[in-house]
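Below, each value reflects all heavy atoms present in this structure, side chains not excepted, and no hydrogens, waters or symmetry copies.
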Amino acid sequence: RVECLSKAVEILKTRHFDVAILDLELPDGGGQDSFHRISLAAPDMPIIILSNDSDETTAIGCVTEGAQDYLVKGTFSAPLLPRTIHYAIERKRASKAKDDFSILVSHELRAPLAVVKGAIDALRDFNMGTLNDKQQKILALASKNTNRLAKIIIDILNLARYESGK
């Protein structure tokens with residue numbers, strides 16, 4: 001437990017925590033800036049926002065930007081806290097696994113697809129002998145489908161980047 005945001009950021013440079021419960025009303029912080037500072041200091045740590053009832057919109061904004069959950073002071077019971085912590089940890093773990101998987105799959109598909117696309121383009125564009133109509137149609141179809149797969153891979157990478165905030 002710390003009493004100010006700067007102390008929390010300093011501690012996070014040297015220590016690991018399973019989860020943070022971040023009060024948006026720390027003396028040297030405030031609102032979403034507090035969330036951003038903690039998130040930058042410990043990007044893999046789940047963060048639960050603790051707000052007052054008049055600042056629930058800011059808490060929701062923090063969740064939109066990557067916090068795992070929020071609680072409003074004075075409105076939750078003791079049994080809710082352990083469940084909220086558990087779910088926050090699991091949400092962060094699932095989100096990281098999804099991001100890692102998306103990036104791995106995209107990169108593992110991207111390189112071989114580039115080789116296939118290069119070979120198709122070479123067969124179609126360079127004078128490597130005469131191609132009959134059927135061969136030209138097959139190459140055109142292969143080229144179209146490799147371009148479509150390349151676009152899907154780029155979309156997967158962009159989605160992973162967007163969801164991770166990068």
Side-chain angles (χ1 to χ4, degrees), residues 1-117 144-166:
R1 177 179 164 98
V2 295
E3 299 299 324
C4 65
L5 189 63
S6 57
K7 181 70 173 168
V9 170
E10 191 63 33
I11 289 171
L12 287 171
K13 291 178 183 177
T14 59
R15 293 187 52 201
H16 167 79
F17 294 89
D18 292 333
V19 68
I21 300 174
L22 175 61
D23 188 339
L24 293 180
E25 295 181 1
L26 291 174
D28 59 341
Q32 287 177 280
D33 180 59
S34 295
F35 168 71
H36 292 140
R37 288 175 59 190
I38 295 296
S39 182
L40 285 172
D44 293 331
M45 180 181 63
I47 300 171
I48 299 167
I49 301 299
L50 186 61
S51 73
N52 61 40
D53 59 352
S54 65
D55 203 18
E56 194 170 357
T57 302
T58 303
I60 292 169
C62 291
V63 171
T64 300
E65 293 187 22
Q68 278 57 58
D69 207 343
Y70 75 95
L71 296 168
V72 177
K73 293 177 190 175
T75 64
F76 62 92
S77 60
L80 181 62
L81 186 58
R83 188 178 82 195
T84 302
I85 291 170
H86 173 75
Y87 287 159
I89 292 169
E90 290 306 313
R91 276 190 212 100
K92 187 69 171 187
R93 188 176 295 144
S95 176
K96 182 166 177 18
K98 179 186 56 98
D99 292 346
D100 292 347
F101 177 75
S102 296
I103 291 167
L104 175 73
V105 167
S106 294
H107 289 290
E108 290 297 320
L109 292 175
R110 205 174 194 179
L113 186 61
V115 171
V116 171
K117 185 172 175 6
K144 176 183 168 187
N145 285 324
T146 55
N147 288 335
R148 188 172 66 87
L149 286 173
K151 183 182 177 327
I152 291 169
I153 291 168
I154 290 168
D155 288 347
I156 290 170
L157 282 171
N158 287 339
L159 180 62
R161 283 187 197 114
Y162 173 78
E163 288 183 346
S164 68
K166 296 178 184 172

key: For the student: nearest non-hydrogen atoms of Leu81 and Ile21, plus distance   =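 It is CD1-CD1, 3.9 Å.
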
key: Where Cys4 and Leu26 come nearest, the two heavy atoms and their spacing   = C-CD1, 4.1 Å

Looking at [atom1] of [X] and [atom2] of [Y], how far apart are the two atoms once the value is rounded to the nearest 0.5 Å?
X	Y	atom1	atom2	result
Ser95	Asp100	OG	CG	9.0 Å
Asp18	Arg93	CG	CZ	8.5 Å
Leu24	Leu50	CG	CG	7.5 Å
Arg37	Gln32	CZ	CD	14.5 Å

message = I'd like to know if Asp28 pairs up with Lys7 as an ion pair, taking the criterion as any Lys NZ or Arg NE/NH1/NH2 lying under 4.0 Å from an Asp or Glu carboxylate oxygen.
response =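 Answer for the salt bridge query: no.
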
ask   = Is Thr64 reaching over with its side chain to a backbone N or O of Ile60, donor-acceptor style, under 3.5 angstrom?
value = yes

ask   = Looking only at atom types and distance, does a side-chain atom of Thr84 sit under 3.5 Å from a main-chain N or O of Leu80, one as donor and one as acceptor?
value =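 Yes.
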
Can you confirm whether [X] sits close enough to [Y] that some side-chain heavy atom of one is under 4.5 Å from a side-chain heavy atom of the other?
X	Y	answer
Ile48	Leu71	yes
Ile38	Val9	yes
Leu22	Ser34	yes
Gln68	Val19	no
Leu157	Arg110	yes
Asp23	Lys73	yes

request  = Would you sort out whether Glu10 and Val2 count as a side-chain contact (heavy atoms from CB on, under 4.5 Å), showing the intermediate values?
outcome  = CA-CA 11 Å; Glu10 191 63 33; Val2 295; over 6 Å; no

